[in-house]
Amino acid sequence: MKPLRIGLAGLGTVGIGVIRLLRENADLITARAGRPIEVVAITARDRTRDRGADLSAMRWHDSATAVAQDPEIDVAVELIGGSEGPAHDMVRTALERGLPVVTANKALVALHGDSLSRLSSEKNAPLLFEAAVAGGIPAIKLVREGLAADRLLSVGGILNGTCNYILTEMRATGRDFTDVLTEAQAKGYAEAEPSTDVDGWDTAHKLAILAGLAFRPIAFKTLSVQGIRDITATDLKFADELGYRIKLLGMARQADNGSVAAWVRPCLVPTKAPIAAVDGVFNAVSTQGVFSGPMTISGRGAGEGPTASAVVADLIDLARGTAIPVWGTASVSPAADCASLADLNSAFYLRLNVQDRPGVMAELTSVLRDHDVSVHFVSQHDAATGCADLTIITHQVPEKAIHAAATALAVLPVVTGKPLVLKIEDPLA
């Protein structure tokens, strides 16, 4: 049997994990792929670094583009990361050659999936990216293949393990964001520069991919993104008392007119929702289909083993001769702007720090009434001397109404600090 020959760029945790997995499970992978899969060409920034694996039998190239141009490889695997530069150059070079590509690069697919899908189709060169969303969880296969016969109503979930870990620890220990982030960095769960994770951009990249598979490609710059920096231990305590968990969610839904409403933000999730129990570094992907109904799958969303497993699963598909269009269909509309969220209705959580004196509640409810925001529930806790933390749960209101009300509340003399608005969301409702 002729081996499937791999050219691999990027020898970090995942790249070495792929090499190790192909070696340790060689017999199993050969049986399932119908032929051996071997890495024959590689590149990385530092050739001399000891990576704990014997790479002596592999051809070393000076650049990722050179790997993609190697005439003796059958598949290019890009594990460098980043939406531009060497990763983008390598993938385009390989596709231009008509060479299949496997990548774990969510930013690349989210930002350039539109053009790369056209190139993949023109050159009849598959582009597979199972590892780009939720690590070892088969999220791409679920949406693109497992639910291919159904019309999906929504897709999304907990797509970043770093944020989920931070929120889980804040809730369990009562510590605030900065303290838990420092701990997550020490444990290797968060990067030294954590903004991609904690500001929601990693989740946004993954959501853009899921939305493109479930509905249509979306213009990434129009996606509404909010991270978790403003969440406090007080918010998590309030949420617990009210029967919710706070999770950073990325969700997308298609309207009747074909537009896609998509957003990334921390939300209150009812404790009865399956996704509410997904804690720590775990991810979860939820779908709602007309025929398939509600579905949630969860597992480790990152790390050497899960991500390498997803990369090799794509390689096995290629070895079998599987060729699926990038977005799951041969005819794909160009990327479109996300729908405005202003008129979408939801219940909201509104947290305020206010002066603790008579008449304050009357001032607050007057502002809410003026913006047509109906109050469902109010809870108050003592805060600093002379102040109180106040939580208001609203009835269903348009998003533009709650944000206009929060802006008006922020300028009241009785309100200290910036109000926090969180959506109340059940991904499977």
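Everything numeric in this text was worked out from a predicted model, so none of it was measured. Because only heavy atoms are used, hydrogens play no part in the values below, and waters and symmetry mates are left out as well, while side chains stay in.
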Give a yes-or-no answer on whether the side chains of [X] and [Y] include a donor-acceptor pair shorter than 3.5 Å.
| X | Y | answer |
| --- | --- | --- |
| N257 | S259 | yes |
| S120 | E122 | no |
| S286 | T296 | yes |
| D179 | T182 | no |
| S366 | R369 | yes |
| T416 | N353 | yes |

Got a donor-acceptor contact below 3.5 angstrom from the [X] side chain to the [Y] backbone?
| X | Y | answer |
| --- | --- | --- |
| S346 | F348 | no |
| S121 | R118 | no |
| E130 | A139 | yes |
| E78 | A64 | no |
| R216 | P334 | yes |
| D150 | S292 | yes |
| Q185 | E191 | yes |
| N25 | L28 | no |

- request: Starting from the C-alpha separation in whole Å, work towards a yes-or-no answer on side chain to side chain contact (heavy atoms under 4.5 Å, CB included) for V180 and T168.
  value: CA-CA 10 Å; V180 178; T168 300; over 6 Å; no
message: Tell me whether D317 is salt-bridged to R320, with the criterion being a basic N under 4.0 Å from an acidic carboxylate O.
response: yes
Ion pair E399/R265, N-O distance below 4.0 Å: yes
Residues in ring-ring contact (aromatic ring centres under 6.0 Å, His included) contact with F238, at least two apart in sequence or another chain: H381
message: What verdict does the side chain to side chain donor-acceptor pair (under 3.5 Å) test give for S195 and E193, after you've listed the backbone C-alpha separation in whole Å, the side-chain angles of each residue and the deciding distance to 0.1 Å?
response: CA-CA 6 Å; S195 58; E193 207 304 291; 2.5 Å; yes
message: As a quick check of understanding, evaluate salt bridge (charged side-chain N to carboxylate O under 4.0 Å, His left out) for D426 and K272, giving each step before the final call.
response: CA-CA 9 Å; D426 185 345; K272 64 180 176 59; 3.2 Å; yes
Can you find a pair of side-chain heavy atoms, one from [X] and one from [Y], that are under 4.5 Å apart?
| X | Y | value |
| --- | --- | --- |
| L11 | I19 | yes |
| T394 | V375 | no |
| N105 | L79 | no |

Where V326 and L213 come nearest, the two heavy atoms and their spacing: O-CD2, 3.5 Å
Donor-acceptor pairs are to be reported for all side-chain atoms of residues 157-166 against protein atoms at under 3.5 Å, with residues two or more places apart or in another chain.
unit_1 : atom_1 : unit_2 : atom_2 : d
N160   : OD1    : T162   : N      : 3.1
N160   : OD1    : C163   : N      : 2.8
N160   : ND2    : D197   : OD1    : 2.7
N160   : ND2    : D202   : OD2    : 2.8
T162   : OG1    : Y189   : O      : 2.5
N164   : OD1    : K247   : NZ     : 3.4
N164   : ND2    : V278   : O      : 3.0
N164   : ND2    : G280   : O      : 3.2
N164   : ND2    : F282   : O      : 3.1
Y165   : OH     : E183   : OE1    : 2.8
Y165   : OH     : K187   : NZ     : 3.2

- request: Run the numbers on I231 and L236 for side chain to side chain contact (heavy atoms under 4.5 Å, CB included), then give the verdict.
  value: CA-CA 8 Å; I231 305 299; L236 290 150; 4.3 Å; yes
Check against side chain to side chain contact (heavy atoms under 4.5 Å, CB included), L268 and K423: CA-CA 6 Å; L268 269 69; K423 193 176 189 296; over 6 Å; no
field: Cation-pi check, R245 onto Y349 ring (under 6.0 Å, within 45° of axis)
entry: no
